[in-house]
Number of protein chains: 2
Amino acid sequence: MTARKRERITTIINTLLLENAASIQELAKRLSVSEMTVRRDLNILAKDNIVRLMHGAAVLNPGSRPDRRQYAITQQEALNAEEKMLIGQKAASILEQNDIIIIDSGSTTDYLAKAIPYDMPLTVLCFALNILIEIHRKKGCSLTFAGGIFHKNTLMFESPEGVELIRRYRATKAFLSASGIMSRLGVTCSTQYEIESKKASMNSALSKILLADSSKFGRILSAYFADLKDFDTIITDSGIPEEYRKIIDNLGIDLIIV
Amino acid sequence: MTARKRERITTIINTLLLENAASIQELAKRLSVSEMTVRRDLNILAKDNIVRLMHGAAVLNPGSRPDRRQYAITQQEALNAEEKMLIGQKAASILEQNDIIIIDSGSTTDYLAKAIPYDMPLTVLCFALNILIEIHRKKGCSLTFAGGIFHKNTLMFESPEGVELIRRYRATKAFLSASGIMSRLGVTCSTQYEIESKKASMNSALSKILLADSSKFGRILSAYFADLKDFDTIITDSGIPEEYRKIIDNLGIDLIIV
DNA sequence: TAAAAAATGTTAAAAAAATAACAAAAAAGC
DNA sequence: GCTTTTTTGTTATTTTTTTAACATTTTTTA
């Protein structure tokens, strides 16, 4: 990303912080670029969940914290975003009416939350702000939220009481996310505080579904929370290494590739 | 204007207050009316400079304070919006740097949350969605949230674990709201599920501050949670009956009138 | 500096939303 | 109850925005 582009995006964010929303016309004029360029900038912000795009307008997402973000989106990251969206949508497609579900924090699970049909009757438990904001708008969803201390970087809330609330809960499906998946050392995430909520979610759910794009396979992060075999289903993209296809198959886990 | 229409417009305003903007499609679905009807409602709000209409979306005008009086469902709700805002702002003005505060659910406390300066260092606990959304944006605030089952009408989350989290918390100030205040029968709210969180909030705070517009004095609702004497400070508007001024004075409670 | 990559602008076609006009339904007034 | 007024829904038409494809410019990098 060029300095010029980054500056423009910063200006857009500042404008939105001030005015809640702006039309694409307006922004193009103010920035002295074409509308197409503004659109492309906004698409980047939309992928990062900072703005919501509507016809003709960009609206600041109430669940975003734009001032902390870096906008260096590489081709790789952009590609992953696309796959994450497909994974989230596939996850939404396996939902059944009146399912009771737990949705983990994370960007992939955010796409799942977004993809849930507006009127579908569901009971949902979550513990991250972005998921909360997506779900509370859905007419069909009864919502339970496990609170705690707010972690700005992951948008997650965490506390012993929150974990206890998850333990007391029962769900038909739990949708988990991970940052690292390795056959021998298990499934990991980046921070220790996430672990207990994830473990509790898995223990409270009948079916455990792991959502992870293919870049996660073979990676290790510091916080271990489950073994691969603990999952019933894994949803990922076609980039998954052949090696892991076999491992997952041997474990009898349902592998869904989008 | 029919009652039905007024209700719809109130819902639209509340939605926008929570989410900055909404698409016309969304609103039509949520309100179960045609898009044309939503458009007509929004045109009314646009004429009053409450929303800005863009293609496909309605954006809350950041400069305008939606005058709920005009659109309020009941006369009661109508009368006090302005006073509630002043009360909330006064409450914010007594905050000190590094205060640890608890903010109750309610519309008056929502004005308090809005009025907190962006950079003021505070530690905040809350348990209602509207407060959460206001606070999480503030750069200076560390945030803790007590979760539970989501109640759509009050925007509050409630659970034994949430109450436990409040009990484990310690605050310098707790800002409480109430729907009824009576000398003999105490301070009340409208639903039973609110009680435990309110009680716990009061028990965990050094200073208990009641925010209530003057219409609340002399009223009783079904759910009792405290006596008048349990509060250290009461912030209200000049409409408070003389009788209650005396009672509050005799109890040695600090009475602030906006 | 030259080649490659990224970013931007332009256009036509497709998709979506706004508008206006009218018909049907609901609410208010008598 | 009946009439009048207000509100709501539907449709066709107009306007606007989005998308996609390609050409051009700018920036990066080897």
Side-chain angles (χ1 to χ4, degrees), chain A residues 1-13 15-16 19-48 50-61 69-82 85-86 89 114 118, chain B residues 1-13 15-16 19-61 70-75:
Chain A
M1 183 177 297
T2 61
R4 208 176 137 206
K5 185 167 192 158
R6 208 188 327 270
E7 261 177 64
R8 218 170 42 222
I9 289 181
T10 304
T11 306
I12 291 174
I13 290 172
T15 303
L16 295 178
E19 308 187 18
N20 281 348
S23 76
I24 287 175
Q25 270 197 334
E26 261 174 32
L27 291 173
K29 256 192 188 173
R30 187 172 311 193
L31 299 165
S32 306
V33 291
S34 71
E35 295 188 10
M36 197 62 227
T37 298
V38 173
R39 281 211 174 81
R40 287 191 262 242
D41 290 347
L42 289 174
N43 281 332
I44 291 171
L45 291 173
K47 273 215 174 87
D48 284 355
I50 290 165
V51 303
R52 243 180 111 193
L53 291 183
M54 295 165 152
H55 264 255
V59 180
L60 194 72
N61 204 322
R69 292 287 293 226
Q70 293 279 332
Y71 304 103
I73 298 267
T74 63
Q75 185 120 31
Q76 188 51 48
E77 280 168 19
L79 271 170
N80 281 351
E82 185 66 27
M85 193 177 71
L86 291 170
Q89 289 171 345
K114 276 190 166 57
Y118 182 70
Chain B
M1 184 177 297
T2 60
R4 210 177 136 205
K5 184 168 193 157
R6 206 181 350 259
E7 259 179 66
R8 221 172 37 222
I9 289 181
T10 304
T11 305
I12 290 174
I13 291 175
T15 302
L16 295 178
E19 308 191 19
N20 284 344
S23 76
I24 288 175
Q25 270 198 334
E26 257 175 34
L27 291 173
K29 254 191 186 175
R30 187 172 308 192
L31 300 165
S32 304
V33 292
S34 71
E35 295 187 10
M36 196 63 226
T37 298
V38 173
R39 281 209 175 83
R40 288 191 263 241
D41 291 346
L42 288 174
N43 281 331
I44 292 171
L45 291 173
K47 271 209 180 93
D48 289 353
N49 269 318
I50 290 166
V51 302
R52 243 183 107 192
L53 291 183
M54 294 166 153
H55 262 256
V59 180
L60 193 72
N61 209 328
Q70 219 165 330
Y71 311 106
I73 297 167
T74 65
Q75 196 95 24

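Only this structure's heavy atoms are used, side chains among them; waters, hydrogens and symmetry mates stay out. Proteins come first, then strands; the chains are lettered A, B, ... in the order of their sequence lines, and each starts at number 1. Note that this is a predicted model, so its numbers are computed, not measured.
Rounding to the nearest 0.5 angstrom, the gap separating the OG1 atom in A:Thr11 from the CZ atom in A:Arg30 is 9.5 Å. Taking CZ of B:Arg40 as the start and OG of B:Ser34 as the end, the distance is 6.5 Å to the nearest 0.5 Å.
Atom pair A:Leu27:CG and C:dG9:P shows a separation of 14 Å (rounding to whole Å applied). Rounded to a whole Å, the CD atom of A:Glu7 is 12 Å from the P atom of C:dT8. Taking atom NZ of A:Lys5 as the reference point, atom P of C:dG9 lies 11 Å away to the nearest angstrom. The nearest whole Å value for the distance from the CD1 atom in A:Ile44 to the C1' atom in C:dT8 is 13 Å. A:Leu42 places its CG atom 15 Å from the C1' atom of C:dT8, with the value rounded to the nearest Å.
Counting heavy atoms from C-beta outward, B:Leu53 and B:Ile24 have side chains that stay 4.5 Å or more apart. Residues A:Met85 and A:Gln89 are in side-chain contact: their nearest non-hydrogen atoms beyond the backbone lie under 4.5 Å apart. At least one side-chain heavy atom of B:Met1 sits under 4.5 Å from a side-chain heavy atom of B:Ile9. Taking 4.5 Å as the limit, some side-chain heavy atom of B:Leu31 sits within range of a side-chain heavy atom of B:Ile12. The shortest side-chain heavy-atom distance between B:Leu60 and B:Ile50 falls under the 4.5 Å cut-off.
In this structure D:dA30 sits in a base pair with C:dT1, meeting the Watson-Crick or G-U test at under 3.5 Å.
The shortest distance between the side-chain N/O atoms of B:Arg8 and the OP1/OP2 oxygens of D:dT8 is below 4.0 Å. Residue A:Thr37 places none of its side-chain N or O atoms closer than 4.0 Å to OP1 or OP2 of C:dT8.
Side-chain N or O atoms of A:Asn20 include none that pairs as donor or acceptor with a backbone N or O of B:Asn20 at under 3.5 Å.
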Nucleic acid footprint by protein, nucleotides 21-30 of chain D - heavy-atom cut-off 4.0 Å, B for base, S for sugar-phosphate alone: ------S---
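Of the candidate nucleotides D:dG9, C:dG9, D:dT8, D:dT8 has the atom nearest to the side chain of B:Asp41.
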Heteroatom pairs (N/O) under 3.5 angstrom, protein to nucleotides 14-17 of chain C:
from	atom 1	to	atom 2	distance (Å)
C:dA16	O3'	A:His55	NE2	3.1
C:dA17	O3'	B:Gly56	N	3.0

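Residues meeting the side-chain hydrogen bond (donor to acceptor under 3.5 Å, both in side chains) test with B:Arg8, sequence neighbours left out: B:Asp41.
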